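First up is the structure itself, then whatever we jot down about it.
Please read all numbers here as calculations on a predicted model, not as lab measurements. Residue numbers start from 1 in every chain, and the chains themselves are labelled A, B, ... in the order their sequence lines are given, proteins ahead of strands. Keep in mind that the numbers below use all heavy atoms, side chains included, and drop hydrogens, waters and symmetry copies.
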Protein chains: 2
Amino acid sequence: MPVAELLPVTDVSAAACCSPLAKETITATDAEAVARTFKALGDPTRVRILSIVASHADQEACVCDLQEPLELSQPTVSHHLKILMDAGFLTRSKRGTWAYYALVPGSLDSVAGVLATV
Amino acid sequence: MPVAELLPVTDVSAAACCSPLAKETITATDAEAVARTFKALGDPTRVRILSIVASHADQEACVCDLQEPLELSQPTVSHHLKILMDAGFLTRSKRGTWAYYALVPGSLDSVAGVLATV
DNA sequence: ACGCTCCATCGAAGAATGTCTATATTGACG
DNA sequence: CGTCAATATAGACATTCTTCGATGGAGCGT
């Protein structure tokens, strides 16, 4: 960010199309973080997973709850669950042989807040 | 969708881990539409484009406004702009030689509403 | 009319992603 | 302790995505 001030942006001739900025733009680093969040939501299977989990009683479901309605192989379901976990939308709690994935409270709502930074 | 009712899901033995659903889940078709929206936001370059456009005075910028800060080739910038247009975040208005891309008012806010359907 | 600038489209190369099968790991239960 | 069930991980393959250079079209200027 300090680099910006070093540039002599006092160009008078290029006034043709380029208009000045009214406020700061997002940094490239922050943009990557925002994109990572949305990329996790950018797959129909993962959207359905979140919907199924959210539709369960305690907003919690195990892998076997998901495999059948999604009609996907078990490793594929686990793969998507990991992505949703890494993105902060789900948590995993293992009870016995089963792994229960639960919605992180407020994680979906906070997506709206992420957009405010753009 | 009507296929679901045909399945005899009255399985009594599998009560071990699977819990019942408290509400309806999203349909596969709707999930694809939701995912398409988020996929458009799932790339750091496109997030930066939206930020730059939103930071301009009238929330409007031409391609030349974007090419330099993004440090990408012009065809690549146009490619991303098309994706953001198809997703409903930007509109294009050509004035003279220049093409001005403007934020669709409320399009970013409505993303939060999309999540409510999940 | 000619050239020049700005932008969109085309085609291709490399990277990333979604899916599967096969295998490993973990915990429960005889 | 051995077996079985539920998940996770690894590797492979096809598809999609991001990016580029090259080309084409539209509009302004001399």
Could you walk me through whether B/S107 and B/S110 pass side-chain hydrogen bond (donor to acceptor under 3.5 Å, both in side chains), step by step? CA-CA 5 Å; B/S107 61; B/S110 68; 5.9 Å; no
Integer-rounded Å distance: D/dT7 P and A/I49 CD1: 13 Å
Quickly work out the A/R48 CZ to C/dT19 P distance and round it to whole Å. 11 Å
Rounded to whole Å, please give me the gap between OH in B/Y101 and C1' in C/dC6. 11 Å
For B/R46 and B/L41: C-alpha separation, side-chain torsions, deciding distance, then whether side-chain contact (heavy atoms from CB on, under 4.5 Å) applies. CA-CA 6 Å; B/R46 290 195 284 272; B/L41 300 172; over 6 Å; no
Choosing from C/dC6, C/dC7, D/dT7, which nucleotide comes nearest the side chain of A/A99? D/dT7
Hey, is B/E60 close enough to B/R95 for a salt bridge, meaning N to O under 4.0 Å? yes
Quick check: closest heavy atoms across B/E24 and A/S55, and the distance to 0.1 Å? O-OG, 3.1 Å
Check the distance between D/dC17's C1' and B/H80's NE2 and give it to me in whole angstrom. 9 Å
Taking it one step at a time, do B/D65 and B/H56 satisfy side-chain contact (heavy atoms from CB on, under 4.5 Å)? CA-CA 10 Å; B/D65 283 324; B/H56 271 79; 3.7 Å; yes
Gap between atoms CG and C1', on A/D86 and D/dT9 respectively (whole Å): 14 Å
Heavy atom of residues 61-79 of chain B under 4.0 Å from DNA chain C: which residues? B/C62, B/V63, B/C64, B/Q74, B/P75, B/S78
Worked verdict on B/F89 versus B/L108 for side-chain contact (heavy atoms from CB on, under 4.5 Å): CA-CA 7 Å; B/F89 292 109; B/L108 285 179; 3.8 Å; yes
Atom CE of A/M85 and atom P of D/dT9 are separated, to the nearest Å, by 9 Å
Pick out which of A/L66, A/L50, A/L72 makes a side chain to side chain contact (heavy atoms under 4.5 Å, CB included) with A/T45. A/L72
Partners of B/D109 by salt bridge (charged side-chain N to carboxylate O under 4.0 Å, His left out), sequence neighbours excluded? none
Stretch residues 34-47 of chain A: residues that reach within less than 4.0 Å of DNA chain C through a heavy atom: A/K39, A/D43, A/T45, A/R46
B/R92 side-chain N/O to C/dA8 phosphate OP1/OP2 under 4.0 Å: yes
For side-chain contact (heavy atoms from CB on, under 4.5 Å), just list the numbers for A/L70 and A/I52, CA-CA rounded to whole Å, side-chain angles, deciding distance to a tenth of an Å, and then say yes or no. CA-CA 10 Å; A/L70 295 176; A/I52 295 174; 4.2 Å; yes
Which is more 5' along DNA chain C, the nucleotide nearest A/I83 or the one nearest A/R95? Just name the residue. A/I83
Length of the line joining B/L90:CG and C/dA8:C1', which is rounded to integer Å: 16 Å
Could you give the NZ-to-C1' distance, from A/K82 to C/dT17, as a whole number of Å? 15 Å
